[in-house]
Structures are given as structure tokens and as C-alpha cells.
Amino acid sequence: MSSSPNGLTPYPIVQAPMAGGASCPPLAAAVCEAGGLGFLAGGYKTADGMYQEIKRLRALTRRPFGVNLFMPQTGYVDPAEIETYRGQLAGEANWYEVSLAEEDIIGTSDDGYEAKLAILVEDPVPVVSFTFGCPPAAVCARLREAGTYTVVTVTSVEEARAAQAAGADAVCVQGVEAGGHQGTHRDDPEIDGTAGVGLLVLVARVREAVGLPIIAAGGLMRGAQVAAVLAAGAEAAQLGTAFLACPESGAHPLHKKALTNPLFPHTELTRAFSGRPARGLVNRFMREHGPYAPAAYPQVHHLTSGLRKAAAAAGDPQGMALWAGQGHRLARALPAGELMEVLAAELAEAQSALKVLQMRRAS
């Protein structure tokens with residue numbers, strides 16, 4: 001196995017694992033076949049559902065790919081806060097004519113982690129990444145013995161040091177610009193809105209703090225931006241929103257259209273849909289319910305699941321979780337393979353221009 005993520009593929013471009021359906025086998029396969037590292041998202045699936053997607057992807061490509069797992073959430077969740085938020089959402093339930101989740105959502109916090117991990121040890125894939133925490137050293141060792149390259153998502157220097165201590169092969173450094181959930185190892189509502197660090201600054205900090213290869217993620221939409229993070233010290237760049245608009249993406253068509261729709265000009269971090277900070281296009285649901293959402297992940301995610309599905313079925317993007325990074329207005333609705341070609345060409349052009357500039361300064 002390569003000592004760096006860049007050694008797995010011709011191009012230093014990783015397609016982010018976007019849970020909820022966007023990162024599907026056709027998208028990952030297209031990215032892999034075009035020279036990038038495609039990813040499947042194990043989150044929100046059963047262990048068998050994850051395995052079936054792996055088999056589908058293997059039928060579509062023989063190139064290296066990755067699978068992402070959510071770490072189990074162990075923090076205390078106050079049932080009273082969940083019930084209060086349920087009351088806050090009663091009007092939404094009436095509007096969309098659906099019932100809010102009534103089952104025991106308090107205990108649904110491990111996302112089938114152990115069963116998924118067992119499958120990935122028994123039938124290894126080239127890369128496994130982790131989000132919402134750091135696996136223990138024994139897990140990284142088991143995966144390494146199976147020939148798997150391990151990556152831990154980090155949002156701070158402290159988290160990067162924990163990943164290095166656990167024996168991870170690389171870190172995915174996630175800047176605050178990134179779409180979807182912030183991959184923090186500990187969800188602390190006391191620091192909401194104050195803890196996020198921009199990608200370039202965070203890459204520099206992590207590079208000086210640990211010796212692991214870095215995959216940079218957050219707001220990257222163009223090949224020139226990929227060149228920038230590589231110049232800053234990253235081995236590869238991870239792009240999510242850039243691939244969200246591709247026809248192979250499993251994202252809802254309304255979600256894809258919203259990325260460049262003038263009705264959704266900016267993004268914010270919110271707990272409204274899931275109970276954990278996640279960046280999405282600002283819509284009515286986020287504005288009305290974000291201020292009242294408790295720090296209760298994944299319980300709020302399960303609570304709002306029916307509402308989000310009903311909004312999508314009704315063709316109403318104002319009630320959907322429209323996850324997107326800060327660069328969403330730069331989205332290009334190109335086939336994934338073609339987008340990879342464009343990104344690679346932009347990257348080469350930017351790197352060539354940088355070399356010319358360096359030669360001029362040296363002369």
C-alpha cells in the first residue's frame with residue numbers, strides 16, 4: 001500500500017464521501033476510472049446496504065476506492081431537548097402531512113459501526129476513512145494488516161495529533177468552508193460559530209504539528225484551488241460539492257439545481273436537520289428552526305428524516321437539507337469523468353504557472 005493518498009491514483013483528487021445518497025457507486029466509479037479516488041459513504045446505511053454498494057462499485061471499476069464510516073456517538077443526549085424540538089417541528093409535520101419519528105431515536109447512535117467495520121476487515125477495500133471521531137489504534141492496526149489505507153477526518157491540530165497517535169495513515173483536514181457535517185471529534189455547542197478554521201490556515205497548522213500525509217477538504221471547486229492546497233503542503237484534495245452536481249451523483253435533482261440557484265446565495269452552519277453543525281444552503285427550514293435545534297446527533301437526523309423526504313417529494317427545496325460548501329456557486333453540471341479531466345487540466349495549468357513564476361523570481 002502506498003505511503004500517501006496521492007500514490008493510489010494518477011491525480012491527487014478525492015471525491016468526498018457524501019452520506020445520504022449522493023456518493024453512490026456510479027459516481028465513485030466514474031471518478032476512479034478518470035484517475036481520482038472515488039468514495040462510498042457508509043453512513044446512514046445498514047452494514048449489508050454498505051456491502052451491497054461495495055459489490056456494485058467493484059463491478060464498475062477495478063481501480064482503488066474508499067469507504068467512509070461514522071464513528072459511534074457516545075455523548076449524552078437529553079430526551080427532554082428532543083421532545084421540545086419535536087414540538088418545534090409540529091407545524092412542519094402538519095404542513096407536509098407526515099408523522100415525526102416516534103421510535104426510540106435516543107439509542108440510535110452507533111450507525112452499525114461494528115458490523116460495518118467487521119465487513120471491511122473481512123473483505124478489505126483499498127481505503128477506509130473515519131468521520132466524527134478517531135478509531136482506536138487496534139482498529140487502524142487491523143485495517144493495516146488487511147492492506148487498507150486509513151484516513152481520519154480532522155478539524156483541528158489536536159484531532160490530527162490523536163489520529164497520528166492512533167496509527168492512521170493520513171488525515172483529511174476539513175476546513176470550515178466544507179459542505180455537509182463538520183467532522184469534529186467532539187460536538188461542543190458552547191463553541192458553535194467560533195471554532196471553525198479556514199482550510200489553508202488549518203493545513204499549515206496540521207502540517208507543522210504532525211508527520212502524516214494530508215488530504216485537504218473544504219470549498220474546493222477548481223483545479224487552481226487544488227494546486228493551492230498542494231502548494232500549502234497537502235498530498236491530495238478532497239472535493240464534495242464539486243461532484244454533487246454531476247449526473248452520476250445520487251443527490252436529489254432539486255438539490256443539484258439549488259447549488260447555482262440565485263434563491264440560495266449563501267451557506268451557513270446549522271443543527272436544524274441533524275443536531276450537529278453542518279453547512280448547507282440557507283433555506284426556510286434552516287432559518288426557522290436552526291436557532292432552536294439541540295446538540296443531539298444523530299437523534300435529530302432521525303427525527304427530521306420524514307420531513308426532509310416529504311419536502312423532496314413535494315418538490316420543496318425550502319424544507320430539504322441542501323448540504324453545500326462555500327464554493328457552491330462554482331458548481332459545474334458535468335459528467336464526473338469530464339469534470340475530472342477539467343480539474344486535472346486546471347491543476348496542471350496552475351502548477352505550470354507557479355513554476356514559471358518561481359523561475360522568474362529565481363533569475
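Computed from a predicted model, the values in this text were never measured in an experiment. If you read the sequence from its start, that first residue is 1, and numbering goes on from there.
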Should Leu100 and Phe285 be regarded as members of a common hydrophobic cluster, given that ILVMFWY residues are connected when their side-chain heavy atoms come within less than 4.5 Å of each other, either directly or indirectly?
yes
For Arg222, look at atom CZ and say whether over 12 heavy atoms of other residues, nucleotides or ligands are found less than 6.0 Å away.
yes
Distance-only side-chain donor-acceptor flag, Arg279 / Thr267, under 3.5 Å:
yes
Does the gap between the ring centers of Phe264 and His328 come in under 6.0 Å?
no
Donor-acceptor pair between Gln182 and Thr155 side chains, under 3.5 angstrom:
no
What are the two closest non-hydrogen atoms of Pro64 and Pro126, and how far apart are they?
CA-CG, 3.8 Å
Would you give the length of the straight line joining atom CG of Asp169 to atom OG1 of Thr150, rounded to the nearest 0.5 angstrom?
4.0 Å
Run the side-chain donor-acceptor check on residues 315-326: report pairs under 3.5 Å with partners two or more places apart or on a different chain.
unit_1, atom_1, unit_2, atom_2, d
Asp316, OD1, Gln318, N, 3.0
Asp316, OD2, Tyr96, OH, 2.6
Gln318, OE1, Arg284, N, 2.8

Main chain of Gly49, side chain of Thr46: is a donor-acceptor contact present, judged purely on distance under 3.5 Å?
yes
Does a side-chain heavy-atom distance below 4.5 Å link Phe243 with Phe39?
no
Using side-chain heavy atoms (C-beta onward) and a distance below 4.5 Å, is Ile54 in contact with Val67?
yes
Using side chain to side chain contact (heavy atoms under 4.5 Å, CB included) as the criterion, point out the one residue from Val125, Val121, Val127 that pairs with Leu143.
Val121
If you measure from the Lys or Arg side-chain nitrogens to the Asp or Glu carboxylate oxygens, is any gap between Lys55 and Asp123 under 4.0 Å?
no
Heavy-atom closest pair, residues Val229 and Ala216:
CB-CB, 3.8 Å
Within the 4.5 Å heavy-atom criterion, are Leu57 and Leu40 side-chain neighbours or not?
yes
Nearest-0.5 Å distance that lies between atom OG1 in Thr241 and atom CG in Leu281:
8.5 Å
Apply the test side-chain contact (heavy atoms from CB on, under 4.5 Å) to residues Val139 and Leu117: give CA-CA distance (whole Å), side-chain angles for both, the deciding distance (0.1 Å), then the verdict.
CA-CA 9 Å; Val139 169; Leu117 182 62; 3.9 Å; yes
NZ/NE/NH1/NH2 to OD/OE distance under 4.0 Å, Asp111 and Lys116
yes
Using a 3.5 Å distance criterion without hydrogens, assess whether the side chain of Lys45 forms a donor-acceptor pair with backbone atoms of Tyr51.
no
Donor-acceptor pair, distance only, cut-off 3.5 Å: does the side chain of Gln225 make one with the backbone of Met221?
yes
Could you go through Leu69 and Ser129, starting from their C-alpha distance and side-chain angles, then the distance that decides it, and tell me whether this counts as side-chain contact (heavy atoms from CB on, under 4.5 Å)?
CA-CA 6 Å; Leu69 297 182; Ser129 68; over 6 Å; no
Does Tyr149 use its side chain to pair, donor to acceptor, with the backbone of Arg144 at less than 3.5 Å?
no
Are any non-hydrogen side-chain atoms of Leu199 and Gln174 less than 4.5 angstrom apart?
no
Quick one: pull up OG1 in Thr304 and NE2 in His301 and give me the separation to the nearest 0.5 Å.
7.0 Å
What side-chain donor-acceptor pairs closer than 3.5 Å can you find for residues 334-362, not counting sequence neighbours?
unit_1, atom_1, unit_2, atom_2, d
Glu346, OE1, Gly223, N, 2.7
Glu346, OE1, Arg332, NH2, 3.3
Glu346, OE2, Arg332, NH1, 2.7

Would you call Arg142-Glu145 a salt bridge at under 4.0 Å N-O?
no
Do you know which two heavy atoms are closest between Cys24 and Ser249, and how far apart they sit?
SG-C, 4.1 Å
Arg308, CZ: over 12 other non-hydrogen atoms inside 6.0 angstrom:
yes
Can you find a pair of side-chain heavy atoms, one from Arg276 and one from Gln73, that are under 4.5 Å apart?
yes
pair Leu244-His255: side-chain heavy atoms closer than 4.5 Å
yes
Any chance you could lay out the side-chain contact (heavy atoms from CB on, under 4.5 Å) test for His266 and Glu268, step after step, and finish with the verdict?
CA-CA 7 Å; His266 67 283; Glu268 289 182 5; 3.8 Å; yes
Heavy-atom closest pair, residues Val203 and Ala234
CG1-N, 4.3 Å
With rounding to the nearest 0.5 Å, note down the distance linking OG1 in Thr61 to CZ in Arg56.
14.0 Å
Shortest non-hydrogen separation from Pro124 to Thr148 and the atoms involved:
CB-OG1, 3.8 Å
Side-chain heavy atoms of Val171 within contact of Ile215, under 4.5 Å:
no
Side chains of Ser23 and Gln15, donor plus acceptor under 3.5 Å:
yes
Show the numbers, then the answer: is there a side-chain contact (heavy atoms from CB on, under 4.5 Å) between His185 and Met71?
CA-CA 9 Å; His185 293 188; Met71 291 298 296; over 6 Å; no
Are Val14 and Leu330 in one and the same hydrophobic cluster, where Ile, Leu, Val, Met, Phe, Trp and Tyr link if side-chain heavy atoms are under 4.5 Å apart?
no
Have Thr84 and Gln88 got a donor and an acceptor in their side chains that come within less than 3.5 Å?
no
Starting at OG of Ser274, measure out to OH of Tyr44 and round the result to the nearest 0.5 Å.
6.0 Å
Could you state the interatomic distance from CD (Glu158) to SG (Cys134), rounded to the nearest 0.5 Å?
13.5 Å
At their closest point, which heavy atom of Val152 faces which heavy atom of Pro135, and how far apart are they?
CG2-CD, 3.8 Å
Check: His181 and Tyr297 side chains under 4.5 Å, non-hydrogen atoms:
yes
Plane angle bin for Phe70 and Phe132 - parallel if under 30°, tilted between 30 and 60°, otherwise perpendicular:
tilted
